[in-house]
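Residue numbering restarts at 1 for every chain, and letters A, B, ... go by the order of the sequence lines.
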Number of protein chains: 2
Amino acid sequence: MSTSEESDRLAGAAVRHIPPASLARLTIYLRALSSMLGEGIDRVSSDELAEAAGVNSPKLRKDLSYLGSYGTRGVGYDVSYLSEQIAAALGLTRNWRVAIVGAGNLGRALAGYPGFGSRGFEVVALFDADQLVIGQEVGWLRVSSIEAMESVLERTGANMAVLSVPAEVAQDLCDRLVASGITSILSFAPVVLQVPDDVQVRKVDMATELQILAYHAQRAQVSNIASKARARLAT
Amino acid sequence: MSTSEESDRLAGAAVRHIPPASLARLTIYLRALSSMLGEGIDRVSSDELAEAAGVNSPKLRKDLSYLGSYGTRGVGYDVSYLSEQIAAALGLTRNWRVAIVGAGNLGRALAGYPGFGSRGFEVVALFDADQLVIGQEVGWLRVSSIEAMESVLERTGANMAVLSVPAEVAQDLCDRLVASGITSILSFAPVVLQVPDDVQVRKVDMATELQILAYHAQRAQVSNIASKARARLAT
DNA sequence: CTCTGTGAAGTACTTCACAGCT
DNA sequence: AGCTGTGAAGTACTTCACAGAG
């Protein structure tokens, strides 16, 4: 038995381990449920929710089954109740205090991102190295100097960080975040960050996404050319 | 035999199908190789490249084996040659013309993203609905009116689009992009987009990423509490 | 009779270990 | 002797089909 499984049992948690693939989808279900709540829908079937989330319904039910049995057979799910259960499983009941490192266009876009503030995430600090940018107001925040990062992180009680800085300085700033006790980092820098095992890093990478699209587009094109060649041969 | 497999054979392509998981990693290898080229390194072993990409070496070799055998046993890989082969497999030899829809902070950040211009991607249009923003210069581009989107897409020969607009208008603009013949879309809007089967959509979602981090952080905490409880019980 | 929840089967990915070049 | 390339074994995820609750 692994340490974490053992810990779950001791902590009395019902959830043992959610597969990464399911975890990613649970956040989508949560958003779909939130928007349904907004529309005044209070009951939903697995078919309907699956449709809204863009997955098939057996997959949705399997995903939900990792959390427990929160539906009613023959009826469906209570939108509000299911939302709460998913939010609880994801750890969204406590408040997360996010520091954004890098106040360029991307950092500002993130600081102003509406869906950010909702669902338990609060942006508590915004850092930059540029003297012209330090001190500027962005939304409710004032940009802090990167030199004072450690003390501001401490004072604001940040427990998550977003890295929206150039690739060259990402590893250095990442190291400083880790040294300050941050263990959850979302990076937009196009580099592989080296961190200790107990630090979680997730990476969002525009170049990767475009290249994956390019691959599929090229394939589609090749298929198309081949189809035409085949059509010619057939005549 | 599926249509696409058949097409590959007819087109004479060596590559049949790259698993999605491998595809995502190939883009990372490509970046690592580019940076090695920049440093003047011209030979690399699977161990070294795997280290740089943050994966283990059997996985890297397996990934590369989907493309072909481009290494030399007992020696390693030629950095430049392997780069070219990966780029070719990903479809990066042709030039991709990208339109960015939405010129808010995020759209501007994307338009100015350096890694964007390199590797075959060129931003050819930038759209917004705000009269105050239309006509502004962002880098080398002038922001076009969203009303003229169809004609500008046509004129600029855009063949990929990035959606950096609010969730409420994302589906509508997506439909217009699809109607204009765009078949590759990268969306930053936090909604599930409905598109025909022949259109590829990839989604980047900040909220999802943070929620996944929150889940892991919460788990780490629970484990920690449990460990302490266990330590107490043991005494 | 409807719709959920879930073992079991099927599929895809990862890891392993070593054969095969150089 | 060293490092790649790859079948085969192992693991994780997805799909299926139906048992089971209402």
How long is the line joining CG of L64(A) and C1' of dT4(C), in whole Å?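 Rounded to whole Å, this separation is 10 Å.
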
Most 5' of T72(A) and S65(B) on DNA chain D, judged by nearest nucleotide: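 Per heavy-atom nearest nucleotide, the more 5' residue is S65(B).
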
Proximity to DNA chain D (any heavy atom under 4.0 Å), residues of residues 33-62 of chain B only: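 Here the set is S45(B), S46(B), R61(B), K62(B).
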
At what distance, to the nearest 0.5 angstrom, does CD of Q85(A) lie from CG of L90(A)?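 Atom-to-atom, Q85(A):CD and L90(A):CG are 11.5 Å apart.
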
For [X], give me all partners under side-chain contact (heavy atoms from CB on, under 4.5 Å), at least two apart in sequence or on another chain.
| X | answer |
| --- | --- |
| A214(B) | L92(A), W96(A), F121(A), M160(A) |
| S80(A) | L37(A), D78(A), E84(A) |
| P20(A) | none |
| A207(A) | D205(A), Q211(A), R31(B), Y113(B) |

Not counting sequence neighbours, list each pair that qualifies as a side chain to side chain donor-acceptor pair (under 3.5 Å) and has a residue in residues 160-172 of chain B.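 Side chain to side chain donor-acceptor pair (under 3.5 Å) check on residues 160-172 of chain B returns Q171(B)-D175(B).
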
Could you give all pairs that pass the salt bridge (charged side-chain N to carboxylate O under 4.0 Å, His left out) test and reach residues 21-30 of chain A, with sequence neighbours left out?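 For residues 21-30 of chain A: R25(A)-D63(A).
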
Using a 3.5 Å cut-off and no angle test, enumerate the donor-acceptor pairs between side-chain atoms of residues 190-202 of chain B and protein atoms at least two apart in sequence or in another chain.
residue: R202(B); atom: NE; partner: E209(A); partner atom: OE1; Å: 2.4
residue: R202(B); atom: NH2; partner: E209(A); partner atom: OE1; Å: 3.1

Which residues pass the side chain to side chain donor-acceptor pair (under 3.5 Å) test with T27(A), not counting sequence neighbours?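 Here the qualifying residues are T208(B).
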
For Watson-Crick and G-U wobble pairs within 3.5 Å on both distances, what is DNA chain D written in dot-bracket notation, | included for inter-strand pairing? ||||||||||||||||||||||

Distance-only criterion, 3.5 Å: show the donor-acceptor pairs between side-chain atoms of residues 53-61 of chain A and protein atoms not counting sequence neighbours.
residue: N56(A); atom: OD1; partner: K59(A); partner atom: N; Å: 3.3
residue: S57(A); atom: OG; partner: D47(A); partner atom: OD1; Å: 2.9
residue: R61(A); atom: NH1; partner: S46(A); partner atom: OG; Å: 3.2

Please identify the 5'-most and 3'-most nucleotides of DNA chain D with any atom under 4.0 angstrom from a heavy atom of chain A.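 Both ends considered, the range comes out as dC13(D) to dG22(D).
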
